[in-house]
Amino acid sequence: WANFPAALRYIPFFTYLRNTLEVSLLSVAGTLVSCPPAAYAFARLQWPGRNAFFLASLATVMLPFQVQMIPLYVVFRDLGWIGTLLPLIVPAFVGNGLYIFLLRQFFLTIPKELDEAAAIDGAGELAIFFRIMLPLVRPALVTVSIFTFMANWTDFLAPLVFLNRESTYTLALGLQFYQSQHFTAWSYLMVASLVFTIPALIVFLLLQRYFVQGFALSGLKG
């Protein structure tokens with residue numbers, strides 16, 4: 001058990017933990033702000049070019065990060081964001097094609113009569129969206145939140161590309177400090193890796209009921 005405190009002192013573990021939590025939680029917030037309105041617009045509203053824009057959104061899912069990496073780096077460098085956590089957080093606030101698709105599929109399962117009844121009662125589109133639709137898609141929102149949290153919590157490549165100061169490193173990068181060219185502190189590395197997995201495991205166990213329900217409904221219907 002002595003390896004646990006020793007491993008956490010071996011690197012600035014809690015600094016990296018704070019950075020990882022900041023990136024993960026803010027990315028979840030950004031995803032919940034940006035993706036549901038887009039999914040609702042694609043699923044429930046009629047407007048010119050809707051299908052074309054939806055296909056364009058789906059096309060972004062087919063582009064791996066390795067393809068986007070250099071253009072994104074150039075953009076973030078020109079903005080002066082390299083070396084900060086902004087390149088890891090801000091993209092979540094502009095939407096994600098996969099999460100928009102999952103939420104759209106869930107919105108499509110909701111009977112259209114609910115919209116019509118609310119409109120007859122005098123509710124506008126914003127009222128319908130916030131007061132009727134969002135509560136009904138809560139399982140899908142939880143599913144998307146789990147996906148976003150897990151992806152950012154375990155992400156290694158994006159922090160490696162965009163972060164160049166140790167004070168901003170995430171845990172995925174910080175674990176590399178247990179290894180060097182000639183020596184690896186295996187006991188410390190295993191302890192830190194175990195601690196690293198605990199928050200993600202807790203999040204999944206607490207929300208697994210919503211996760212299974214949301215993924216099943218959004219993926220198999222519509």
Side-chain angles (χ1 to χ4, degrees), residues 20-63 85-155 158 199-222:
T20 308
L21 282 173
E22 182 178 346
V23 169
S24 300
L25 295 178
L26 288 178
S27 294
V28 169
T31 299
L32 294 180
V33 167
S34 61
C35 293
Y40 176 78
F42 285 133
R44 315 294 291 192
L45 303 182
Q46 298 293 331
W47 45 281
R50 183 185 69 169
N51 293 335
F53 278 100
F54 179 63
L55 290 176
S57 175
L58 281 182
T60 63
V61 181
M62 305 176 193
L63 294 175
L85 297 178
L86 290 176
L88 307 179
I89 297 172
V90 173
F93 285 86
V94 296
N96 179 289
L98 175 61
Y99 303 151
I100 290 173
F101 170 75
L102 291 176
L103 291 171
R104 172 185 176 272
Q105 296 302 103
F106 204 103
F107 278 122
L108 289 174
T109 66
I110 301 174
K112 190 69 175 176
E113 289 76 13
L114 289 177
D115 305 49
E116 297 170 353
I120 292 173
D121 288 339
E125 289 295 343
L126 287 178
I128 294 173
F129 175 67
F130 284 107
R131 300 177 61 182
I132 298 176
M133 294 299 165
L134 284 186
L136 291 175
V137 299
R138 187 177 302 151
L141 296 177
V142 173
T143 300
V144 167
S145 299
I146 293 175
F147 280 159
T148 305
F149 184 87
M150 295 289 195
N152 286 275
W153 185 266
T154 60
D155 190 16
L201 182 62
I202 291 174
V203 168
F204 178 77
L205 291 177
L206 290 177
L207 301 176
Q208 62 175 328
R209 179 168 63 90
Y210 293 102
F211 173 78
V212 174
Q213 180 184 1
F215 187 74
L217 292 177
S218 62
L220 299 179
K221 293 186 179 181

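Every value quoted in this text rests on a predicted model; they were computed, and no experiment measured them.
- No side-chain heavy atom of Glu125 sits less than 4.5 Å from a side-chain heavy atom of Asp115.
- One finds the OG atom of Ser145 at 12.0 Å from the CZ atom of Arg138 (value rounded to the nearest 0.5 Å).
- Aromatic ring pairs are classed by plane angle as parallel below 30°, tilted from 30° to 60° and perpendicular above 60°; the pair Phe129 and Tyr40 is tilted.
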Side chain to side chain contact (heavy atoms under 4.5 Å, CB included) assessment of Leu85 paired with Leu26: CA-CA 10 Å; Leu85 297 178; Leu26 288 178; over 6 Å; no

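- Taken to the nearest 0.5 Å, the CD1 atom of Ile128 stands 9.0 Å off from the CZ atom of Arg44.
- Closest approach of Val61 to Gly97, counting heavy atoms only: CG2-C, 3.5 Å.
- Annotation: side chain of Phe147 is not in contact with side chain of Asn96 (no heavy-atom distance under 4.5 Å).
- Closest non-hydrogen pair, Trp153 versus Ala200, comes out as CD1-CB, 4.2 Å.
- Figure legend: cation-pi geometry between Arg50 and Phe42 absent, as NZ or CZ is not positioned both under 6.0 Å from the six-membered ring centre and within 45° of its axis.
- Residue Ser27 comes nearest to Ala92 through the heavy atom pair O-CB, 3.4 Å, listed as atom of the first residue, atom of the second, then distance.
- Distance CG/Leu114 to CG/Leu136: 6.5 Å, rounded to 0.5 Å.
- In terms of heavy-atom proximity, Ala43 sits nearest to Phe107 at CB-CB, 3.6 Å.
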Derivation and outcome, side chain to side chain contact (heavy atoms under 4.5 Å, CB included), residues Ile146 and Val28: CA-CA 8 Å; Ile146 293 175; Val28 169; over 6 Å; no

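- Summarising the geometry of Pro37 relative to Ser34, their closest heavy-atom pair is CD-O, 3.6 Å, with the distance given to 0.1 Å.
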Side chain to side chain contact (heavy atoms under 4.5 Å, CB included) assessment of Thr31 paired with Phe93: CA-CA 6 Å; Thr31 299; Phe93 285 86; over 6 Å; no

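- Taking CG of Leu98 as the reference point, atom OG1 of Thr60 lies at 9.0 Å (rounded to 0.5 Å).
- Using a 4.5 Å cut-off on side-chain heavy atoms (C-beta onward), Val137 and Pro36 make no contact.
- Interatomic distance, SG of Cys35 versus CD1 of Ile100, reported as 4.5 Å (0.5 Å rounding).
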Test side chain to side chain contact (heavy atoms under 4.5 Å, CB included) applied to Arg104 and Leu108, step by step: CA-CA 6 Å; Arg104 172 185 176 272; Leu108 289 174; 3.6 Å; yes

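- Remark: the backbone N or O of Ala151 is not paired with any side-chain donor or acceptor of Asp155 at under 3.5 angstrom.
- The structure places CG of Leu102 at 11.0 Å from CG of Leu141, a figure rounded to the nearest 0.5 Å.
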